[in-house]
Amino acid sequence: MYSQGLIGADGQTHEDAAFLAAFQARIDAEQKIEPNDPMPEGYRKTLVRQISQHAHSEIIGMQPEGNWISRAPSLRRKAALLAKVQDEGGHGLYLYSAAETLGVSREEMTEQLLSGAAKYSSIFNYPALTWADIGAIGWLVDGAAIMNQIVLCRCSYGPYARAMIRICKEESFHQRQGYEIMIALCNGSKEQKELAQDALNRFWWPSLMMFGPPEGDSVHSNQSMIWKIKRFSNDDLRDKFINASVPQAEKLGLTIPDSDLKWNEAKQGYDHGEIDWDEFWRVVKGDGICNRERLKNRRRVDRDGAWVREAAMAHAQKRRARMASARIAAE
Amino acid sequence: MSEAAMPLWEVFIRARNGLSHKHAGSIHATDAEMALHAARDVYTRRGEGQSIWVVRSSDIVASDPVDKDMMFEPTASKIYRHPTFYEIPDDVGNM
Amino acid sequence: MSGTCETIMASNQTLFSYVLRLADDHLILSQRLGEWCGEAPTLEEDLALANIALDLIGQARALYAYAGQVEGKGRNEDQLAFMRYERDYQNLLITEQPNGDFAHTIVRQFFISAYMDPFWRRMESSKDEMLAAIAAKASKEVTYHLRHTSEWVIRLGDGTRESHERMVEALDDLMMFTGELFEMDAVAQEMLQSGVGVDASDLKAEWQHTVQTILQEATLELPKAGHMQTGGRTGRHSEHLGHILSELQYMQRSFPGLTW
Ligand SMILES: [Fe+2]
Ligand SMILES: [Fe+2]
Ligand SMILES: [Fe+2]
């Protein structure tokens, strides 16, 4: 569940003009680029970075919600939440696989995450404090992610687009799951409704930040558009998300925590208050309340699992050796 | 810190009997049996599968995109391989 | 007239207990497995463990729903799963043992699956139609759990020196909880006699055979059976259950009587 615009893209590329023109012609003709096709180095690097950031986000994103599996308030909710967090792990897996087609291994990408060199969506550095947060995350965070991921299904790089199609199919239950939790809270007691409003208050702005800062005329972002890795600007997607979410909040009887939010008849959409981009950059750069903990957890999991992976590899090696010697003995 | 890469496998799934196996994605596993388990646990969670193939990615032999013209262009002109190439009077009926 | 009625009441009470304890086994074990989500040694295994946990939650839900129906006091699956006290849970002690390292989790799951596999297969011919139906579904699921954990036992036992040692320790730690699997108390006896329940004591030979075959391939040995712990079926648990319940029941206890 991720949706933030690429952080720190580097689309620089060094191929000659004829090569780039031929490549661009394929992109413009809406041809998909496949793993072994010739491609500009900048295209490859941008994709590796974006897909791996996306994969890391899915994996780190398992933590805030995973935190509530043992405390889910009913068996039905427990099963749904576990299945949902499991899906996010699967999404990470599909995306790592897509990035691997570009010549980078899962182990390398994992090391980049664990060393802190790679980024992931900053939304997951916000804590899930109450059960209502599980509702808000599904509704808003997955909702924002879906908004972005639907367009990525048409990304010019074949393996990424295919991974996104599978992911979008699975995502469709995530947002419904979250919104259903919110409905139950809002139809419940006064304290349940307060939980819901509190969760919305805390997750609304970080959800809007998920789309990334306005690009302005950032060269990198433009290059991503030209290569059809991305197809809409961050602001366009954010507006779409706000327009979809406001009526959903109204149905719940909840108040969006933005006093400047109002309908703009001319643009047939909502105008919203100012987003605190200082907060965004602060959290992206590591100063959210959970950043250190999220990475530490991931490092611990990696460390604790190392002996298991080693053992499985050693066993496979032994088996191959046994088969080889059995073959020699038979000859 | 750097650890040996676990082999990559391609997963092919037959959704229903009567259909062919279709590429679903990839997984990592140390050996064939675990690859089958991983493929089942990752790619058939929503009733997508009746049968699974797993193939070591390194065992797949792929054509080189550079050879695309040589490999696939010559067939474009052999239009007599397609039924629409032949003219049969309408009153003969479906053929 | 009243005599017959009492017999039905009594056996309903027994059936309720019998179904409830099975439900508790599955709930507590799934709660443990759920703790692995996001923590497994590989992404692939993360999904695999969650799949097993989801199977177990599904089985627990079916069993609690049925228990509530048998009891006839209008308690639903959640009231049974969340709103009882420690001493009222009747799960087997092995199900509540901590995850420990991956070796402990695999051995625990392997021991239980090697038991539940023949258990559910026999339950498929129970005279109780509902239990037979639950068993038909569960037996397919648990056969895979057994297969999957067996593969891991083999790889970890016959992997590296470290993995072998960890497996030996896990087997040593968990062996004393396996005796309880085969106990037949009055409830189980009555259920067996009425053709509803399974003779757990009769599953021991098959369990030993399954476990030993795999351990042998894994270059491991089943530890000598020393003193076996018991008490889960009468609500005498290890210290771990209380902590499991404090998380499991947190919401229901903090906000009693609400719908989520
Ligand atoms: Fe996502
Ligand atoms: Fe999601
Ligand atoms: Fe996701």
Side-chain angles (χ1 to χ4, degrees), chain A residues 55 58-63 65-83 85-90 92-93 96 106 110 130-131 135 181 184-185 187-189 191-192 195 297-298 300-302 304-319, chain C residues 27 30-47 49-51 53-54 57-58 60-61 64-65 76-78 80-82 101-103 106 151-152 154-164 166-167 218 244 246-252 254-255 257-260:
Chain A
E58 303 280 356
I59 298 305
I60 296 287
M62 296 172 80
Q63 290 185 39
E65 289 176 288
N67 170 37
W68 275 93
I69 294 169
S70 67
R71 291 177 291 172
S74 72
L75 293 180
R76 179 173 180 273
R77 295 277 180 229
K78 189 188 289 289
L81 181 60
L82 177 54
V85 182
Q86 180 198 43
D87 271 356
E88 307 299 3
L93 193 157
Y96 282 130
R106 190 193 290 181
T110 303
T130 71
W131 173 251
I181 290 173
L185 294 172
N187 289 341
S189 70
E191 54 196 335
Q192 280 176 306
L195 282 175
N297 279 338
R298 216 45 230 171
R300 173 179 51 76
V301 166
D302 187 69
D304 290 352
W307 70 269
V308 177
R309 298 188 295 273
E310 242 168 65
M313 296 280 271
H315 180 80
Q317 183 64 43
K318 280 185 192 175
R319 263 198 199 186
Chain C
L27 173 66
S30 71
Q31 184 78 357
R32 278 297 189 211
L33 282 179
E35 294 170 15
W36 273 103
C37 188
E39 308 257 322
T42 66
L43 278 180
E44 285 78 0
E45 191 57 24
D46 215 300
L47 273 72
L49 291 176
N51 277 341
L54 286 167
I57 296 177
R61 291 184 66 185
Y64 280 126
N76 64 23
E77 58 174 44
D78 288 331
L80 288 170
F82 291 91
D101 62 5
F102 188 65
I106 286 298
E151 295 293 348
W152 271 120
I154 292 164
R155 277 153 190 79
L156 299 179
D158 187 21
T160 60
R161 177 199 283 265
E162 180 183 2
S163 69
H164 185 88
R166 284 175 183 268
M167 285 299 281
I244 294 177
S246 67
E247 289 193 23
L248 177 79
Q249 300 185 337
Y250 163 69
M251 289 295 292
Q252 294 277 353
S254 308
F255 305 93
L258 301 183
T259 306
W260 303 93

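Worth saying up front: this structure is predicted, and the values here are computed from it rather than measured. Per chain, numbering begins at 1; letters A, B, ... match sequence-line order. Computation of the quantities below employed the complete heavy-atom set of this structure, encompassing side-chain atoms and omitting hydrogens, waters and symmetry-equivalent molecules.
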| query | Atom OG1 in C/T42, atom CG in A/D302: separation rounded to 0.5 Å? | reply | 11.5 Å
| Got A/Q192 and C/W260 here, is their nearest side-chain heavy-atom distance under 4.5 Å? | yes
| query | Using non-hydrogen atoms only, which part of C/Q249 is less than 4.5 Å away from chain A: side chain, backbone, both, or neither? | reply | neither
| task | Select one option (side chain, backbone, both, neither) describing which atoms of C/A103 are under 4.5 Å from chain A's heavy atoms. | result | both
| query | Got A/V308 and C/L156 here, is their nearest side-chain heavy-atom distance under 4.5 Å? | reply | yes
| Under 3.5 Å, side chain of C/D158 to main-chain N/O of A/H315, donor-acceptor pair present? | no
| field | Pair C/N51, A/Q86: side-chain N/O donor-acceptor within cut-off below 3.5 Å | value | yes
| Between C/Q31 and chain A, which part of the residue has a heavy atom less than 4.5 Å away: side chain, backbone, both or neither? | side chain
| remark: Looking only at C/T160, C/I154, C/L47, most heavy-atom pairs under 4.5 Å shared with chain A are made by C/L47
| Side chain / backbone / both / neither for C/I57 at chain A, heavy atoms under 4.5 Å | side chain
| Could you go step by step and tell me if A/W131 and C/F255 meet the side-chain contact (heavy atoms from CB on, under 4.5 Å) rule? | CA-CA 11 Å; A/W131 173 251; C/F255 305 93; over 6 Å; no
| query | Given the rule in the side-chain contact (heavy atoms from CB on, under 4.5 Å) test, do A/R319 and C/R155 qualify, once you have shown the distances and angles that lead to the verdict? | reply | CA-CA 10 Å; A/R319 263 198 199 186; C/R155 277 153 190 79; 3.9 Å; yes
| field | Heavy-atom closest contact (A/S74 atom, C/D78 atom, distance) | value | CB-OD2, 3.1 Å
| query | Would you call C/E39-A/R300 a salt bridge at under 4.0 Å N-O? | reply | yes
| task | Go through the atoms of A/L75 and report whether side chain, backbone, both or neither lie under 4.5 Å from a heavy atom of chain C. | result | both
| field | Contact leader toward chain C among A/K78, A/Q317, A/R298, where contacts are heavy-atom pairs under 4.5 Å | value | A/K78
| task | Please step through side-chain contact (heavy atoms from CB on, under 4.5 Å) for the pair C/L43 and A/R106, ending with a clear verdict. | result | CA-CA 11 Å; C/L43 278 180; A/R106 190 193 290 181; 3.8 Å; yes
| Relative to chain A, which segment of C/R166 carries a heavy atom at a distance below 4.5 Å: side chain, backbone, both, or neither? | side chain
| message | What part of C/Y250 gets within 4.5 angstrom of chain A, counting heavy atoms only: side chain, backbone, both, or neither? | response | side chain
| remark: Under 4.5 Å to a heavy atom of chain A? For C/I244 that would be neither
| field | Max heavy-atom pair count under 4.5 Å with chain A, selected residue of C/C37, C/G157, C/S30 | value | C/C37
| Contact leader toward chain A among C/E45, C/H164, C/E162, C/R61, where contacts are heavy-atom pairs under 4.5 Å | C/R61
| task | Ignoring hydrogens and angles, tell me if any N or O in the side chain of A/R71 forms a donor-acceptor pair with the backbone of C/M251 under 3.5 Å. | result | no
